[in-house]
Asks: 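Have a look at this one before I ask anything.
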Amino acid sequence: MRKYLPVLALLPLMTAGCISTATSIVKAPFQVAGKAVDWTTTSQEESDRNYGKKMRKQEAEEGKQRKELAKRCRKDPQRSECGQYQGYRAGN
């Protein structure tokens, strides 16, 4: 028994690496599944950011059309389209 006492004392130190490796192997499938769910779903923050980007793009388009209409109406105020703006409206 005395002969094995030093080996038994060092056994926890020798197996510590094995335990951490085994733990990482067991956790790996759950981590991969979590990443896959993150990639396939859209967070609320990301959804808000995308909606804001879309609205800014639509508002820029509306601004361009209004500017073009104002330019045409300055040249020829008698045009039929020079009444109230009936063109593109962001959000519609």
Side-chain angles (χ1 to χ4, degrees):
M1 181 70 178
R2 261 186 176 185
K3 191 169 154 182
Y4 297 114
L5 192 58
V7 174
L8 290 175
L10 294 175
L11 190 61
L13 295 175
M14 293 188 308
T15 60
C18 295
I19 292 172
S20 69
T21 302
T23 303
S24 65
I25 290 171
V26 169
K27 287 175 18 180
F30 297 103
Q31 291 173 336
V32 169
K35 291 279 185 196
V37 169
D38 286 345
W39 288 338
T40 58
T41 59
T42 305
S43 69
Q44 185 63 46
E45 178 185 347
E46 188 178 7
S47 177
D48 292 345
R49 185 175 56 240
N50 291 342
Y51 178 75
K53 187 186 292 185
K54 176 183 166 189
M55 290 306 295
R56 283 190 298 277
K57 193 173 184 179
Q58 287 180 350
E59 288 169 354
E61 180 64 28
E62 181 182 355
K64 287 178 190 176
Q65 288 187 6
R66 284 179 182 253
K67 191 182 274 189
E68 289 172 11
L69 177 66
K71 186 177 179 182
R72 286 193 308 262
C73 288
R74 275 194 303 271
K75 288 180 181 178
D76 185 13
Q78 301 301 321
R79 295 175 75 122
S80 62
E81 61 187 22
C82 289
Q84 194 169 15
Y85 180 73
Q86 297 295 323
Y88 181 85
R89 297 204 187 277
N92 291 338

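Heavy-atom basis, side chains included; hydrogens, waters and symmetry copies ignored.
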Asks: Inspect the contact between K57 and E61 and indicate whether a charged nitrogen and a carboxylate oxygen are less than 4.0 angstrom apart.
Replies: no
Asks: Is there a salt bridge (charged side-chain N to carboxylate O under 4.0 Å, His left out) between K64 and E68 once you walk through the steps?
Replies: CA-CA 6 Å; K64 287 178 190 176; E68 289 172 11; over 6 Å; no
Asks: Let me confirm one number: the NZ-CZ distance from K75 to R72, rounded to the nearest 0.5 Å.
Replies: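 That separation rounds to 10.0 Å.
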Asks: Would D48 and Q44 count as having a side-chain donor-acceptor pair, cut-off 3.5 Å?
Replies: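 Indeed, the side chains of D48 and Q44 share at least one donor-acceptor pair under 3.5 Å.
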Asks: Could you go through N50 and E46, starting from their C-alpha distance and side-chain angles, then the distance that decides it, and tell me whether this counts as side-chain contact (heavy atoms from CB on, under 4.5 Å)?
Replies: CA-CA 6 Å; N50 291 342; E46 188 178 7; 4.0 Å; yes
